[in-house]
Protein chains: 2
Amino acid sequence: MDTREEILAAARTTAQAHGYGGLSFRELAKQVGIKSASLHYHFPTKGDLAGALAQRYADDAERIFAEVLAASKDPAVLVRAFTDVLRLALVNDNRMCLYGILSAERAELAPEVRIEVERFAEVSVRFLAKALVLSGASEDVARARALAMFAAIEGAQLVARGRGDVAAYDAILATYRAAGLLP
Amino acid sequence: MDTREEILAAARTTAQAHGYGGLSFRELAKQVGIKSASLHYHFPTKGDLAGALAQRYADDAERIFAEVLAASKDPAVLVRAFTDVLRLALVNDNRMCLYGILSAERAELAPEVRIEVERFAEVSVRFLAKALVLSGASEDVARARALAMFAAIEGAQLVARGRGDVAAYDAILATYRAAGLLP
DNA sequence: ACCTGAACACCGTTCAAGT
DNA sequence: ACCTGAACACCGTTCAAGT
């Protein structure tokens with residue numbers, strides 16, 4: 001793994017726990033074994049680093065969703081795959097989806113970072129909409145419903161993280177399913 | 001308004017836009033017209049300031065919910081009053097509910113701040129549960145359902161803020177209602 | 001191509017000193 | 001009781017200098 005990749009990996013872990021504000025060039029440099037001034041050679045500003053991070057995150061999501069779609073056409077399985085990804089972050093030291101934590105810090109983000117954050121939402125909503133279409137929904141109903149599902153799932157993660165309690169995440173999702181919001 | 005109240009007011013506005021990390025003693029002091037060292041006289045640490053802020057926020061919510069409950073027993077009206085409070089933050093310069101933004105920054109918060117943040121959730125869920133009981137739900141069903149409603153509404157705000165678009169908040173809530181999650 | 005030390009203006013915090 | 005300037009260790013960023 002080259003230095004740039006090492007920086008991105010360390011930054012991602014930190015960002016999902018402490019957010020954009022919690023990213024420290026000096027701290028990351030220490031982890032990677034270089035000086036903080038050298039980090040600016042790879043990422044000139046903190047905005048550049050966060051932008052690369054968010055871009056990678058959206059790219060990864062796009063790839064994973066494509067793989068899941070290739071493996072199953074069962075709407076419930078597809079949605080479960082999505083909720084499992086966010087669940088994993090909680091289990092992993094009460095971390096958050098990068099989208100959620102960066103959305104909360106939106107005011108601090110450079111425009112190019114915001115664009116990538118929004119792209120993760122777009123990619124996710126498109127994936128969830130595909131699952132709904134597979135269950136027989138029309139394209140535009142699926143789109144609106146998928147956006148609501150995305151918001152509800154992100155909210156469940158936020159609330160569960162606020163309590164430091166994965167069980168709350170599971171309980172909230174179960175209620176969504178019982179109410180008919182999730183398949 | 002005394003100095004302490006002026007500090008709290010300025011801090012609340014800033015925190016709902018930029019979060020805990022966005023609070024700057026030097027910036028707040030400038031707004032209030034004192035030196036940053038003086039700010040530490042009123043709030044020894046940033047944790048003390050955030051704690052007072054979160055406590056005030058939960059207290060305010062408790063009072064508002066009591067007033068709303070005294071004015072109406074219509075579940076739809078009560079839930080609407082809750083969603084309107086979060087809507088107001090978005091309209092007000094794309095700000096967030098203090099609960100949502102501080103939950104995202106949970107890892108940065110002192111324990112006494114976390115307790116107050118969790119209290120806001122508790123107060124909110126209790127209020128929403130009362131609305132559900134008024135519509136005929138049993139106590140424990142209402143409790144689980146209220147938690148899911150709270151998470152979904154916070155998520156709607158997070159996603160709408162991520163887009164800088166209040167209309168998304170309204171659209172998502174409309175879908176929640178259509179799905180039967182909200183009354 | 002990649003790294004570094006030193007400097008800059010920021011930050012929260014402390015403290016001795018003022019009124 | 002309330003405020004202040006100065007100092008401390010932090011922060012992102014810049015830059016001239018090294019290999």
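Chain A is the first sequence line, chain B the second, and so forth, proteins listed ahead of strands; every chain is numbered from 1.
Using a 4.0 Å cut-off between charged nitrogen and carboxylate oxygen, A:R87 and A:D84 do not count as a salt-bridge pair. Looking at A:R114 and A:E118, no side-chain N of the basic residue comes within less than 4.0 Å of a carboxylate O on the acidic one, giving no salt bridge.
In this structure, A:M96 CE and A:L102 CG are separated by 9.0 Å, a value rounded to the nearest 0.5 Å.
The side chain of B:K35 lies closest to D:dG5 when the candidates are C:dT4, D:dA7, D:dG5. The A:A37 side chain lies nearest to D:dC15 when the options are C:dG12, D:dC15, D:dT13. When the nucleotides C:dA7, C:dG12, C:dC3 are ranked by their closest atom to the side chain of A:S38, C:dC3 comes out on top.
No side-chain donor-acceptor contact under 3.5 Å links A:S72 and A:D74.
Rounded to whole angstrom, the span from the CD atom of B:E108 across to the C1' atom of C:dG12 amounts to 14 Å. Put simply, CZ on A:R26 is 9 Å from C1' on D:dT13, counting in whole angstrom units. In this structure, CZ of A:F25 is placed 21 Å from P of C:dA6, rounded to the nearest angstrom. Atom pair B:I34:CD1 and D:dC3:P shows a separation of 5 Å (rounding to whole Å applied).
Of the P atoms belonging to C:dC2 and D:dA17, the separation is 22 Å, rounded to the nearest Å.
Contact check, B:S24 against C:dG12: a side-chain N or O comes under 4.0 Å of OP1 or OP2.
Residues from residues 39-50 of chain B lying near DNA chain C, meaning a heavy-atom separation below 4.0 Å, are B:H40, B:T45, B:K46 in numerical order. Residues from residues 2-10 of chain A placing a heavy atom under 4.0 Å of any atom in DNA chain C, listed by number, are A:T3.
Between A:F150 and A:Y99, the distance separating the two ring centers is shorter than 6.0 angstrom. A ring-centre distance under 6.0 Å is not found for A:Y176 and B:Y176.
For the pair A:K46 and A:F25, the cation does not sit on the ring face, since its NZ or CZ is not both under 6.0 Å from the ring centre and inside 45° of the axis.
Within the 3.5 Å criterion, the main-chain N or O of B:L53 finds no donor-acceptor partner in the side chain of B:R12.
In this view, A:R145 satisfies the side chain to side chain donor-acceptor pair (under 3.5 Å) rule with no residue, not counting sequence neighbours. When the side chain to side chain donor-acceptor pair (under 3.5 Å) test is applied to A:Q31, no partner is found at least two apart in sequence or on another chain. Legend: residues meeting salt bridge (Lys or Arg N to Asp or Glu O under 4.0 Å) with B:E139, ordered by chain and number and at least two apart, are absent.
Judged by closest nucleotide on DNA chain D, B:G33 is the one of A:E27 and B:G33 placed further toward the 5' end.
At the heavy-atom level, B:L23 lies under 4.0 Å from the strands shown only through sugar-phosphate atoms.
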Pairing pattern in dot-bracket form [Watson-Crick, G-U; both distances under 3.5 Å; | = partner strand] for DNA chain C: ||.|||||...|||||.||

